[in-house]
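What follows is a short report on a single structure.
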Amino acid sequence: MSRTVIHGGLVVTASDEIHADVLIEGGRIAALAAHGTDAATSWSADRRIDATGTYVLPGGVDAHTHMEMPFGGTYAADTFETGTRAAAWGGTTTIVDFAIQTMGRSLREGLDTWHAKADGRCAVDYGFHMILSDVNESSLKEMDRLVAEGVTSFKLFMAYPGVFYSDDGRILRAMQRASGNGGLVMMHAENGIAIDVLVEQALAEGRTDPRYHGDVRKVALEAEATHRAVQLARVAGAPLYVVHVSADEAVDEIAAARHKGLPVFGETCPQYLFLSTDNLAEPGFEGAKYVCSTPLRPREHQEVLWRGLRNNELQVVSTDHCPFCFSGQKEMGRGDFSKIPNGMPGVEHRMDLLHQAVVDGHLSRRRWVEIACASPARMFGLYPKKGTIAPGADADVVIYDPGAEQTISAETHHMAVDYSAYEGRRVTGQVRTVLSRGVPVIEDRAYVGHAGHGTYLPRGTCQYL
Ligand code: URP
Ligand code: ZN
Ligand code: ZN
């Protein structure tokens, strides 16, 4: 059994910061021992990694990605191969992607399709959520089987009528089923019916630029849908996880629900913490790069999101990585913002941007690790295999240099997309080395992994319930 020792670093988990050496045996964390103690110096090893001056972190868990997602007549540009490689470059060693049920088809067919896309191609480990597009007797029954086999969370949409949208009755039925089978409903909370009216009116009045995508997807319509989702979950007796929360009033709805003791959870994404409607309004057609749903909001919302992350009103930061190239894909919406494929690249820079938030004083180091590693692992039934550094956990470990400076750019990123949403942004902190189950994937900033190393992760149910 191969043995690796990581020595001299500061091990940071959601609960502790300790100057400890880490022993890895056969792909798992075997032991931690205080640096310099007899216990640590007595370990024999095949490989020693000097982590002096760095943080030793659990691998990041990005619980919201869309590799190769079909959307708006095109496909998200990252495959499972390119997307998981880019994830590894950024210190993320687990993704949970969304398999899609097509209207009129079974959950099983959708899941099989996503397994076929990912199998043998991933650089790091991966699991699946299931998007429920067609809630009916048969798909409700299938939910039970999926939970039993490790697909334990189901995304429903209050937005995108005619595509993924479910009405309140269907949502209630899915929530009732989840309350019985242990599944977690993930909600895209925007009132899509009302938004479509505003889209039609905007286009008829000649308001066709990307900035109007933000205008029509109003804060009130995110807050209203969030409120409704909470009440439906309450009636069903089901837990609820609200994805990609962008608006202050939606945070308020989640906070109010949690205050009442309801099992309601919230996720936000780096784009809502670092970007704003100013980006959507960039001149020319540049704003198309920032079209995603929920949309970017005015800057004032950011402080509420940071506060929510600090106060545990929001528990998780995922990327909602759904990249479309500017050239040929985002351009499909020139002259009609509603035809711009929704989504942004981000899987590579979540850990770095959140570390910048530590540098800027928005978050503590442990909270950084909590919202990016431990909480998503617990939320989606992967803890403590993923999300921490403790004996028995998978040896998914990131050696992170907190003093390295880097400039984010499409020139240097590894995602298969022709622009960066953070082009030219300077951040402090960078991944140096990444291990996945003890195997180097990134070594001293060189990619040494391979497609097919990443294995499928059947998941348990939410560990916050
Ligand atoms: O704009 C987004 N978020 N695209 C991906 C699909 C979704 O709603 O998460
Ligand atoms: Zn969504
Ligand atoms: Zn998404």
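In each ligand, atom 1 is the first atom listed, and ligand 1 is the first ligand listed.
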Please check if any side-chain donor atom of E267 sits under 3.5 Å from a side-chain acceptor atom of H64, or the reverse. yes

Would R207 pass as a cation-pi partner of Y212, given that its NZ or CZ must be under 6.0 Å from the six-membered ring centre and within 45 degrees of the axis? yes

K330 NZ/CZ over F324 ring centroid, <6.0 Å and within 45° of normal: no

Which of the ligand 1 atoms, numbered from 1, are nearer than 4.0 Å to a heavy atom of F157: 8 (O)

So, of the N/O/S atoms that H188 has, which is the nearest one to the Zn ion (ligand 2)? ND1

What atoms in ligand 1 come closer than 4.0 Å to a heavy atom of H66? 5 (C), 6 (C), 7 (C), 9 (O)

Ligand-residue contact atoms, ligand 1 with K155, heavy atoms, under 4.0 Å: 7 (C), 8 (O), 9 (O)

First locate atom OG1 of T461, then atom CZ of R459, and finally report the distance between them rounded to the nearest 0.5 Å. 10.0 Å

For N/O/S atoms only: which one belongs to H66 and is nearest the Zn ion (ligand 3)? NE2

N, O or S of V243 under 2.8 Å from the Zn ion (ligand 2): no

H64, N/O/S atom nearest the Zn ion (ligand 3): NE2

Under a 3.5 Å threshold, yes or no: a donor from one side chain and an acceptor from the other, between T294 and Y272? yes

Element-labelled atoms of ligand 1 that are located less than 4.0 Å from some non-hydrogen atom of S293: 1 (O), 2 (C), 3 (N), 8 (O)

closest protein heavy atom to atom 8 (O) of ligand 1 is H188 ND1, 3.1 Å

Return yes when H64 approaches ligand 1 closer than 4.0 angstrom through a heavy atom, no otherwise. yes

How about D352 and Y400: does a side-chain donor come under 3.5 Å of a side-chain acceptor? yes

Per salt bridge (charged side-chain N to carboxylate O under 4.0 Å, His left out), R217 is matched among E222, E224, E190 by E190

If the contact criterion is a heavy-atom separation under 4.0 Å, does Y160 count as touching ligand 1? yes

Only N/O/S atoms count here: what is the atom of D320 closest to the Zn ion (ligand 3) called? OD1

Per-atom filter on ligand 1: closer than 4.0 angstrom to a heavy atom of D320 are 2 (C), 3 (N), 5 (C), 9 (O)

Report yes if some N/O of N342 lies less than 3.5 Å from some N/O of ligand 1; otherwise report no. yes

Charged tip of K117 within 45° of F80 ring normal and under 6.0 Å: no

